[in-house]
Amino acid sequence: MNAKTAEERAHYDWMGYVGNFIAVIGLIPLPFAGYNLGREIYAFSQQMGVTMMGGFLSWLWILQAMLIAVVFLSANYYLWIGMQRIAGGERYRGAIKWLLVVLTLGVLVWATPHNPVVTPEEQTLIGSAFHPLLGVMGVMSAKNTAVNLMILATFLSFILYRRAGKGEPIPFTQHGISARIVLGVIVVICLILVGSPVVYVIQEGLGEPSRLLRVALTALHGVVIVAGAVLAFRDRGKLGEWLILGSATFVVIFFGVYGYLVDSATRIGFSVYQVLAVLTALISVTAIDVYLYRGAPDIGSIQWGKMPSRAQYILILLAVTFTWLMGLMGYARNAIRQHWHIYEIVQDTSVDAFTPSLGFASWVISVCVLVFLGLIGFIFWLGNLGETKEKKVVDSVSVPTPVSK
Amino acid sequence: MATIIKVSLFTLVIVVLIAGFASVIPQLESPAPEVLNISGSVSGPELAALGETVFESPEGGCTACHAVGREGLRGPDLAGIGAQAGTIVPGKSAEDYIRESIVDPCAHITEGYDCLMPQTLLQTLGTAKVTALIAYMQSLGGEITVELTGEEAAAEPDNPGVGVKGTTAEEVLVNAGCAACHTVEASGAAGLIGPDLSTIGAVMPPDEIRQSILDPDAVLAEECPAKDENGNPVSGPCQAGVMPKDYGQKLSAGQLETLVLYLSELK
């Protein structure tokens, strides 16, 4: 935004792109990690899970969901704007509105609490502890489905961005045997990943329908990944990619809907299969896509430096939101301490045990975020200072000065 | 310069918007629970009133899930429980049923609900408050039969929220019952059931000592005192399931760490 020359603009545009790329790569596993941690806590003690999610900290998780929604939407928006500066990107513009629909619906579901945080009077007015419609959207089945579809949508945005300036993919056969070996190894890794929880299910028996379905859908997804790779070997890689993404979507939606028909303990376990289907789809599709478009003809290279200013503001929004989220999670970790004494639910009743309200904590977090970003800004300013000096020295050396006689 | 000001203002606006939103939603503070002290003999409506105070206090935490006269957030409506309690399990009195439901909540799960209730209420609240809670539950449509004697009230731990008295390692060793089973020469403990801890710090790091207290069967010591056929002292392998597994609930964080530090220094 402050760049003065086209070269500087191109450089910082590239930096922004790389920064966003790293942020998206870092963002995608975060919901997985969060849900897996939640699953572990509930598996260890449901009481601890309820204390964490449904008590004093209820509103915190709503705020967290909203901030993550901002992060998801911003990261995608940046990619969509970025496609405008790539000739050929207009081919994928039609897909953006559908991705936005998926992301928006996902955000709405994700931010819906299971139990509305209400007073007893408000609860009496509702007539139940659960809202008749929103209560259905608040359970793990809906939330896991929403977040996994949001991850798939974000991944798709990234894939479309990569393809924006590329022509038709080159045949896989041109990459030689090494590409086949690499893709084969990645497929095997995906199969091990997706199949690992099924081993335990088979060992414990397939008596219940839910167990049988877990094995069947995992096997189906594994077969689709292999089929996707085989299609890629036969120069039909794009079809293979869509099949794998379709299979992951099917697994996510199936377990999301089926989760309503089983008990809560089984339902929570489905998240593992949803996550692994998505994770293996991301890994295998990325691997196929890299080879498909390696060496593919450019129909319009990225015009570095043509990114509009609003995209830079999105990057700042991302940085601020990420940092604020980290502060919020620090508060969550400390706040729950009062209720998770030692390793079970034993309240800390010592005289100094006090946790401030979310509002108070949010201002403390805000000050920390501003100080942190201020320090980062200071470091950049210092770095830039040296660079400017160096540039001046180079300029003074390279420009011949008139010799006075 | 103008760009820097614009970016700074933009950052400030984002932060203020987020913090502003966080400040306008309902605010909940989590203060240190006010600890109710019950002393002397109490019975009848007076005990039930104390029980109601415990029920509604953050210390008890009951209203996080239960309600009276309407469905609770996660637990059943308790209206009329005093009348129903004696009829739910054949042969079990209302007092016993309610006590069991508080102390061991997963023993009786009301249909349509999960086992979510903490199983540590006896440790965190103590006998007097649990007895008061039983009286309050009985008062909800039933007859109050439970009584709190002066001895029961006096037997409460002096550190609310934990089940073991004492702050020094030596006190905890005795009050938590460690000395009854373990030998610790430095403290004079001479128990002959569990392994000798006199030089435990030389063979176990603090993390493993902590684990052995919280989860005793995770790693079993190889040598425990035993007796041969003639009654002579020998040593044999330690058995699983002998040491209680509830020290995580009984000890306060401070007591646990004091104990771990003390034992780790025995070399």
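Side chains are part of it too, since the values below use all heavy atoms of this structure and drop only hydrogens, waters and symmetry mates. Order of the sequence lines fixes the chain letters, A, B, ..., with proteins taken first and strands second; residue numbering starts at 1 for each chain.
Only the side chain of A:L370 has a heavy atom closer than 4.5 Å to any heavy atom of chain B. Of the two parts of A:I365, neither the backbone nor the side chain holds a non-hydrogen atom closer than 4.5 Å to a non-hydrogen atom of chain B.
Minimum heavy-atom separation, B:A19 to A:S362: O-OG, 3.4 Å. Heavy atoms only, all atoms of each residue included: B:F10 and A:L317 are closest at CE2-N, 4.0 Å. B:G20 and A:W363 make their closest contact through N-CZ2, 4.1 Å (heavy atoms, listed as atom of the first residue, atom of the second, distance).
Put simply, OG1 on B:T3 and CD on A:Q312 are 11.0 Å apart, with the number rounded to the nearest 0.5 Å. Taken from CG in A:L63 to CD1 in B:I25, the straight-line distance is 5.5 Å, to the nearest 0.5 Å. Expressed to the nearest 0.5 Å, how far CG of A:L67 lies from CZ of B:F21 amounts to 9.0 Å.
Among residues 322-334 of chain A, the residues having any heavy atom closer than 4.5 Å to a heavy atom of chain B are, in sequence order, A:W324.
Within a 6.0 Å sphere centred on CE of A:M1, heavy atoms belonging to other residues, nucleotides or ligands number more than 12.
The greatest number of non-hydrogen atom pairs below 4.5 Å with chain B, out of A:S366, A:P356, A:A361, A:G374, is found for A:S366.
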